[in-house]
Amino acid sequence: MGQVMDERLIYEILSVVEEIPAGRVATYGQIARLIGRERNARLVGRALSGASHYGDYPCHRVVNHAGRLAPGWPEQRALLENERVTFLPDGRVDMKRFQWDGGAAGQEAR
DNA sequence: ATACTGACTGTGC
DNA sequence: CGCACAGCCAGTA
């Protein structure tokens with residue numbers, strides 16, 4: 001079957017996603033930068049759209065830089081709330097509080 | 001091959 | 001910080 005982008009890329013992305021701690025969220029660009037593809041943030045989203053096909057990954061902890069959740073996946077909000085992630089009245093995640101440090105240790109949620 | 005779309009981001013105001 | 005616009009990459013028509 002065919003197409004799916006390089007499995008290597010999928011593996012790198014999922015490898016990072018798997019590292020996201022519960023109660024925290026990461027942005028597509030953040031993940032893209034960690035795998036050396038900062039300009040491929042959109043590709044990360046596309047890859048995650050089929051991540052479930054590769055196994056169980058906390059792809060619900062990945063949101064865009066605005067804290068907006070993935071369209072067509074309202075269930076994502078419940079998954080995050082279940083991890084103590086609070087939402088703003090606008091329906092966005094409070095990135096200031098829940099954005100993952102992404103490897104830059106030293107930062108912790110208060 | 002070109003055009004449009006999308007789980008995106010950065011910059012300017 | 002919020003809105004508008006441009007840039008970017010891959011898939012689909």
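Residue numbering restarts at 1 for every chain, and letters A, B, ... go by the order of the sequence lines. Only heavy atoms go into these numbers, but all of them, side chains included; no hydrogens, no water, no symmetry mates.
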Pairs under 3.5 Å (N/O, protein and nucleotides 9-11 of chain B):
residue, atom, partner, partner atom, Å
B/dT9, OP1, A/Tyr28, N, 3.4
B/dT9, OP1, A/Gly29, N, 3.0
B/dT9, OP2, A/His65, N, 2.8

N/O donor to acceptor pairs below 3.5 angstrom from side-chain atoms of residues 15-22 of chain A, sequence neighbours left out:
none

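- Rounded to whole Å, atom P of C/dG2 lies 8 Å from atom CG of A/Leu88.
- Between the CZ atom in A/Arg33 and the CZ atom in A/Arg39 there is a gap of 10.5 Å [rounded to 0.5 Å].
- Taking atom CH2 on A/Trp73 and atom P on B/dC8, their separation rounds to 13 Å, with Å as the unit.
- Of the inter-residue distances, the one linking A/Asp6 atom CG with A/Tyr11 atom OH reads 15.5 Å to the nearest 0.5 angstrom.
- Remark: A/Gln30 CD to A/Asp101 CG distance equals 8.0 Å, nearest 0.5 Å.
- Each of A/Ile13, A/Leu48, A/Leu14 was scored for a side-chain contact (heavy atoms from CB on, under 4.5 Å) with A/Cys59, with one residue passing: A/Leu48.
- Partner assigned to B/dA7 is none, using Watson-Crick or G-U wobble distances below 3.5 angstrom.
- Between the CZ atom of A/Arg8 and the P atom of C/dA10 there is a distance of 12 Å, rounded to whole Å.
- In summary, A/Arg61 and A/Glu83 engage in a salt bridge, as defined by a charged side-chain N under 4.0 Å from a carboxylate O.
- For A/Glu75, the CD atom sits in a loose shell: 12 or fewer heavy atoms of surrounding residues, nucleotides or ligands are nearer than 6.0 Å.
- For A/Arg37 and B/dC8, the CZ to P distance is 19 Å, given to the nearest whole Å.
- Atom P of nucleotide B/dA7 and atom CD1 of A/Ile31 are separated by 16 Å, given to the nearest angstrom.
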Can you name the atoms? Protein N/O to nucleotides 7-9 of chain C N/O, anything below 3.5 Å, with the distance.
residue, atom, partner, partner atom, Å
C/dC8, O2, A/Arg42, NH1, 3.2
C/dC8, N3, A/Arg42, NH1, 2.9

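- Put simply, CD1 on A/Ile10 is 10 Å from P on C/dG11, counting in whole angstrom units.
- Atom CZ of residue A/Arg92 and atom CE of residue A/Met95 lie 9.0 Å apart, to the nearest 0.5 angstrom.
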